[in-house]
Every structure is written in structure tokens, then in C-alpha cells.
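Take a look at the structure set out below.
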Amino acid sequence: MNTDLSWVLNDVLEVRGARHAVLVSGDGLLLQRSDDISRDDAETNAAAMSSMQSLSRAVAGFVGAGHGIWKQTLLEYDGGWIFLIAAGQGAYLAVSAALDVDMEAVSFRMQKTVTALSKAMSVAPRNDHGGGA
């Protein structure tokens, strides 16, 4: 992705208690990171978030027949939260936050950002048939 969207991710972090944000491709590549997270940490977390959305989608049917469309994954830890949502075709937005974050505000800001910029944040699936470049 050539477009610099770090300002978008930094905007999501305007919510008090929000810490880091990463934009991830469906196959685990880091597309963009907020200014406050190192590239190495962002790449590690991008791969994990891609796996997390895949797992979340895989168990969506557990909700019940006809109600298994994944919307958001929310993970709670001793030190905070991770929010993960779809951010367009083949892209996902993950935000980490402190325990006392306003969860509704983070979710709203994430949805607003994704809605406003869904076209810019869409990533087509990679097409790799093993051929040389």
C-alpha cells in the first residue's frame, strides 16, 4: 500500500487510553502503523492480528445459525484491551488500549475511520501463482 495512512491511525489514538494501532492485510502484512509503535513490534502484531481475525471468522458459527458474520474481536488482558475490526476488503484495523479506555469511544472512532476511508484502506488479495516477476 503506497498511501501513507499513519495520520488515520494516529487519529484513532486520540481517544484517552488508546495506545497503538496497526493496519493489517488479511495475510498478515503490516500495511501501516501508528507513530508510537516500532516497526518490528508492529510487524509481529500484524501477523498475530491476521491470525486472530481468521480464528474469529472460523468460530463465528458458534454464535448460532444465520448469526455468524464476524464484526469485531475484543480481547481483554491484565493490562488492557485489543480491538480488531475489518477495514475494507482484505484489511483489518487493530487498536490496543488501557483497561480504563472508553470502549465505546474506541469502537466508534474505529468504525468512523474505517467507514470514511474504506476505499483508501481496501487491499486486494495477493495473487501469487509461483511465477517469476
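Computed over heavy atoms, backbone and side chain alike; hydrogens, waters and symmetry mates excluded. Bear in mind the structure is a predicted one, so any value in this text is a computation, not a measurement.
Linking ILVMFWY residues whenever their side-chain heavy atoms come closer than 4.5 Å, directly or via other members, places Leu74 and Val15 in the same cluster. No path of Ile, Leu, Val, Met, Phe, Trp and Tyr side chains, each step under 4.5 Å between heavy atoms, connects Val95 with Phe108, placing them in separate hydrophobic clusters. Cluster membership check: Leu55 does not share its hydrophobic cluster with Tyr92, using side-chain heavy-atom separations under 4.5 Å among Ile, Leu, Val, Met, Phe, Trp and Tyr. In the hydrophobic cluster analysis, where Ile, Leu, Val, Met, Phe, Trp and Tyr join through side-chain heavy atoms closer than 4.5 angstrom, Val59 is grouped apart from Ile85.
Taken from CG in Asn45 to CD1 in Ile82, the straight-line distance is 6.5 Å, to the nearest 0.5 Å. With values rounded to the nearest 0.5 angstrom, Ser96 atom OG is found 9.0 Å from Met49 atom CE. A distance of 12.5 Å separates CG in Asp11 from CE in Met110, rounded to the nearest 0.5 Å. Going from atom CG of Leu75 over to atom CH2 of Trp81 covers 9.5 Å, rounded to the nearest 0.5 Å. We find the CG-CG distance between Leu93 and Leu9 to be 6.0 Å, quoted to the nearest 0.5 Å. Here CG of Leu23 is found 11.0 Å from OG of Ser34. Values are rounded to the nearest 0.5 Å.
For the residue pair Ser38 / Asp40, no side-chain donor-acceptor distance below 3.5 Å is found, with atom types taken as modelled.
The shortest distance between side-chain heavy atoms of Ile37 and Arg19 does not fall below 4.5 Å. A 4.5 Å side-chain heavy-atom check between Asp36 and His20 finds at least one atom pair inside the cut-off.
With hydrogens and angles disregarded, a donor-acceptor distance shorter than 3.5 Å links the side chain of Thr113 to the backbone of Arg109. At distances below 3.5 Å, not a single donor-acceptor pair connects side-chain atoms of Ser25 with backbone N or O atoms of Ala91. Side chain of Asp35 to backbone of Asn10: no donor-acceptor contact under 3.5 angstrom is found. Remark: side-chain polar atoms of Ser56 are paired, donor with acceptor, to backbone N or O of Met52 under 3.5 angstrom.
When all heavy atoms of Gly26 and Gln53 are compared, the pair lying nearest together is O-NE2, 3.9 Å. Pairing each heavy atom of Val22 with each of Ala42, the nearest pair is CG1-CB, 3.9 Å. Val114 and Ala86 get closest at one heavy-atom pair: CG1-O, 3.5 Å. Of all non-hydrogen atoms in Ala94 and Leu84, the two that sit nearest each other are CB-CD1, 3.9 Å.
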